[in-house]
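Taking it in order: structure first as structure tokens, then the write-up.
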Amino acid sequence: MDNVRVIEVKRSIFESNDKDADKLRGELKESKTFLLNLMSSPGSGKTTTLTRTIEALKDKYRIGVMEADIDSDVDAKTIAATGVKAIQLHTGGMCHLDADMTRQGIKELGVEDVDFAILENVGNLVCPAEFDTGSTKNAMILSVPEGHDKPLKYPLMFSICDVVLINKIDVIPYFDFDMEKCKEYILMRNPKAKIIPICAKTGEGINEWADWLSEQIDAQMK
Amino acid sequence: MHELGVVFRIIDDLTDLGKENELEKIHSVTIQLGEVSGVVPSLLTDAWKWAADRTELMKDAELIIETLPAVTFCEDCKSEYETVTYGKICPKCGSEHTYLLKGNEFLIKEIAAT
Ligand SMILES: Nc1nc2c(ncn2[C@@H]2O[C@H](COP(=O)(O)OP(=O)(O)O)[C@@H](O)[C@H]2O)c(=O)[nH]1
Ligand SMILES: [Mg+2]
Ligand SMILES: [Zn+2]
Ligand SMILES: [Zn+2]
């Protein structure tokens with residue numbers, strides 16, 4: 001095999017996805033649809049928070065939800081019960097979604113019918129941080145039982161998030177959770193992060209979260 | 001499984017590259033992997049074998065993995081240290097105000113092909 005050539009590639013694995021994601025972001029802006037990418041560890045409260053968020057905003061915007069988490073069959077039903085359009089993405093057991101899979105989901109939702117699209121990403125803090133979905137904004141949920149030092153363990157996830165929701169604040173008395181330290185660690189990773197403590201169970205803090213979202217969605221729809 | 005997902009990504013990229021360069025066969029692929037990229041080399045190799053063998057272009061191609069060291073920078077004492085040995089706490093001054101300078105790379109460096 002003397003005619004074997006060595007071809008320099010020097011390309012990041014994420015590069016083609018990053019480009020694809022930027023393209024999708026542009027298309028969404030064009031069609032005035034706001035896409036939120038919601039991430040967390042399994043069980044931090046994505047579905048519960050989404051249900052609250054939909055209740056708060058469904059009279060104001062046309063909402064569509066894409067479910068990609070493992071329990072998505074159950075989750076998609078929970079969301080469908082709120083009366084908004086919900087679809088299930090087929091991730092084939094994959095631990096993350098990329099821009100291409102997100103685009104397919106968006107197509108299924110139909111941008112003409114949706115102002116506010118939400119992606120419930122796969123429950124994991126590692127790869128969703130590396131694969132840009134093309135979302136307009138990224139949010140993650142950190143729940144109190146996970147501990148206040150989580151931002152130190154998953155720096156990349158915290159650095160790419162526009163908002164961090166600290167959920168399950170109702171159980172703070174039972175955990176050794178230091179809210180101030182937690183905020184400090186998050187800001188260390190990402191000085192621009194907006195931090196909102198919430199309790200998805202009772203609805204505490206959801207207003208502030210919904211206000212933040214409204215501001216972003218309105219800007220996208222302009 | 002994360003490794004399989006990234007292997008599909010590599011295969012997509014190389015399929016495009018194969019078309020651009022009118023390649024018949026890729027014999028080996030060299031990957032550069034940062035020490036803290038979160039990818040396990042042995043799992044990556046397994047996933048590669050499984051997925052590459054299902055393509056015409058990359059069947060039996062060897063995956064060569066080069067490791068790139070991870071380095072963390074301390075904002076307080078301005079020193080650099082090995083991430084894998086010391087983690088998030090600066091070994092010189094004990095500060096937590098540190099960030100990763102390099103070590104999460106994941107690059108396709110080169111391929112050998114005909
Ligand atoms: N105590 C408490 N439990 C909550 C809260 N939010 C969610 N949960 C519970 O946490 C579990 C996981 O919630 P879920 O929304 O399914 O999490 P997901 O896997 O991230 O979608 C469920 O049993 C919820 O009832 C909260 O604010 N406080
Ligand atoms: Mg869920
Ligand atoms: Zn993954
Ligand atoms: Zn130091």
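Chain A is the first sequence line, chain B the second, and so forth, proteins listed ahead of strands; every chain is numbered from 1. The structure presented is a predicted model; accordingly, all values stated were derived computationally and were not measured.
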Highest number of heavy-atom pairs under 4.5 Å with chain A: which of Leu100(B), Val29(B), Ile111(B)? Ile111(B)

By number, which residues in residues 9-25 of chain B have some heavy atom less than 4.5 Å away from chain A? Arg9(B), Ile10(B), Asp13(B), Leu17(B), Asn21(B), Leu23(B)

Tell me, side chain or backbone of Val6(A) under 4.5 Å from chain B's heavy atoms, or both, or neither? both

I need the His27(B) NE2 to Arg5(A) CZ distance, nearest 0.5 Å. 10.5 Å

Rounded at 0.5 Å granularity, tell me how far CD in Glu8(A) sits from NZ in Lys109(B). 8.0 Å

Counting neighbours of CD on Glu30(A) that are heavy atoms of other residues, nucleotides or ligands and sit closer than 6.0 Å, is the number greater than 12? no

Where on Asn17(A) is there a heavy atom nearer than 4.5 Å to chain B: the side chain, the backbone, both, or neither? both

Just wondering, more than 12 heavy atoms not from Asp176(A) lying within 6.0 Å of its CG? no

Using a cut-off of 6.0 Å, state whether more than 12 heavy atoms not belonging to Glu204(A) lie near its atom CD. no

Picking from Lys153(A), Arg189(A), Met188(A), which has the most non-hydrogen pairs under 4.5 angstrom with chain B? Met188(A)

Heavy atoms only: give me the nearest Thr114(B)-Asn3(A) pair and the separation to one decimal. CG2-OD1, 3.6 Å

Starting at OG of Ser12(A), measure out to CD of Gln32(B) and round the result to the nearest 0.5 Å. 11.0 Å

Those residues of residues 84-97 of chain B, ordered by number, that approach chain A below 4.5 Å (heavy atom to heavy atom): Lys88(B), Glu96(B), His97(B)

Heavy-atom proximity to chain B below 4.5 Å, by part of Glu130(A): side chain

Top contributor to chain B contacts, counting heavy-atom pairs under 4.5 Å, from Phe14(A), Tyr185(A), Phe131(A): Tyr185(A)

